[in-house]
Amino acid sequence: MKSNTKRLTVLALCTAAALILSFIESQIPPLIPIPGIKLGLANLATVFVLYRLGAKEAFTVSALRVILSSLLFGSLSSFFYAIAGAMLSLSVMLILKHLRIFSKAVVSVAGGVAHNIAQIGVSMLILQTDVVIYYLPALLLSGIITGAVIGVASAFLLNKLGEELIK
Amino acid sequence: MEEKKSFSPSSFLNKHRADLVLILSLILICAITFLAVSLMREEGEAVRVEIDGELYATYPLDTDGEYRIGEKNVLTVKDGRAYMSYADCPDKTCVRTRAASKTGDTIICLPNRISVTVIGGEGDVDLES
């Protein structure tokens, strides 16, 4: 990334895109009445930034997206769920990406699973109960499926778009 | 370098060995937790209602009834199953949640911070079922 202005603009653009994806997702009614199961559309932007721009940028965009979307269309408790999910998911994806043996789609799958594990952890803390552990299998499965969907979409996106962003 | 993606089945196996190992282990872990959780569950005997993490009431599952929880929710017990029949929150997630009858089944109303959990006779989860 050469110029600072371009870097700033691209990051702002990705944050805005992530925010829009969050908003679109918040408008989709939940298909399965299990709290925590959702597509994670905003992860598309996170994976994109992680591979195109780097780890620091991905953390920035992801944290900003969570803070802004919680302020705009969430609540305090939804913020804790979202920030824990986003940060754990991104950390796992970062580690797996650096191992350099996994493809993008699979890195995203692991991110999806990590996101949902974080959700379980936070709900244990907030609700002060361990029975949410019964949601673990369903959330693991949904993490695998949604992570794969987003991962494959991200891989296509990264193949088609964005080389010019970092030149 | 990143591996270039290829979607043809023959090269897929060679290029994505690590991917396959990770995916299969995740699916395996998922299956194991499904199994573990289903072994831990049995028909419950009562529901434990908590508001803000504090015990509000316990209702038996073998007696039908309708119970007000706080001012915002109504819990109905019928034929050994409990479900939230009314909630004042806009999302109605708890009302749509399927009826709870087995230990560990939970109905959660996040806006009103209510959790309804099915418990067994001995109080909690029994691993030996």
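In this text the structure is predicted, and so the values were computed from the model without any measurement. FYI, side chains are in, hydrogens and waters are out, and symmetry mates aren't considered; it's all heavy atoms of this structure. Lettering of chains follows the sequences in order, A, B, ..., and the numbering in each one begins at 1.
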### Query
Hey, is the main chain of A:Ser103 close enough, under 3.5 Å, to the side chain of B:Asp19 for a donor-acceptor pair?
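It does hold such a pair.
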### Task
Look at atom CD of B:Glu54 and say whether more than 12 heavy atoms of other residues, nucleotides or ligands are closer to it than 6.0 Å.
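It does not: B:Glu54 CD has 12 such atoms or fewer within range.
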### Message
Does B:Lys92 have more than 12 heavy atoms from other residues, nucleotides or ligands lying within 6.0 Å of its NZ?
### Response
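Enclosed.
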Do you reckon [X] sits in the same ILVMFWY cluster as [Y], going by side-chain contacts under 4.5 Å, direct or chained?
{"X": "A:Val122", "Y": "A:Leu136", "value": "yes"}
{"X": "A:Val47", "Y": "A:Leu41", "value": "yes"}
{"X": "A:Phe23", "Y": "A:Phe48", "value": "no"}
{"X": "A:Ile95", "Y": "A:Ile101", "value": "no"}

### Task
Measure the CG-OG distance between B:Leu110 and A:Ser123 for me, rounded to the nearest 0.5 Å.
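Going from CG on B:Leu110 over to OG on A:Ser123, the span is 8.5 Å.
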### Query
Linking Ile, Leu, Val, Met, Phe, Trp and Tyr through side-chain heavy atoms less than 4.5 Å apart, which residues share a cluster with B:Val21?
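Noted: B:Val21 shares its cluster with no other residue.
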### Query
Pairs in or reaching into residues 63-95 of chain B: which pass ring-ring contact (aromatic ring centres under 6.0 Å, His included), with residues at least two apart or in two chains?
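Output for this query lists B:Tyr59-B:Tyr67.
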### Query
Is there side-chain contact between B:Arg113 and A:Ile126, with heavy atoms separated by less than 4.5 Å?
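Result yes, sub-4.5 Å side-chain heavy-atom pair found.
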#### Entry: Contact listing (chain A partner; residues 24-35 of chain B; heavy atom under 4.5 Å)
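Interface residues of residues 24-35 of chain B: B:Leu26, B:Ile27, B:Ile29, B:Cys30, B:Thr33, B:Phe34.
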#### Entry: Which atom of A:Pro137 lies closest to which atom of B:Val37, heavy atoms considered
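Closest approach of A:Pro137 to B:Val37: CG-CG2, 3.7 Å.
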#### Entry: A:Ile144 versus chain B, the contacting section by heavy-atom distance below 4.5 Å
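It is the side chain, since no backbone atom gets that close.
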### Query
Pick from A:Leu96, A:Val106, A:Val113: which one has the most heavy-atom pairs with chain B under 4.5 Å?
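Among A:Leu96, A:Val106, A:Val113, the one with the most close pairs to chain B is A:Val106.
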Please set out all donor-acceptor pairs under 3.5 angstrom arising from side-chain atoms of residues 68-94 of chain A, sequence neighbours excluded.
unit_1  : atom_1 : unit_2   : atom_2 : d
A:Ser69 : OG     : A:Arg65  : O      : 3.1
A:Ser69 : OG     : A:Val66  : O      : 3.4
A:Ser70 : OG     : A:Val66  : O      : 2.9
A:Ser75 : OG     : A:Ser78  : N      : 3.4
A:Ser78 : OG     : A:Ser75  : N      : 2.8
A:Ser78 : OG     : A:Ser75  : O      : 2.8
A:Ser89 : OG     : A:Gly111 : O      : 3.3
A:Ser91 : OG     : A:Met87  : O      : 2.7

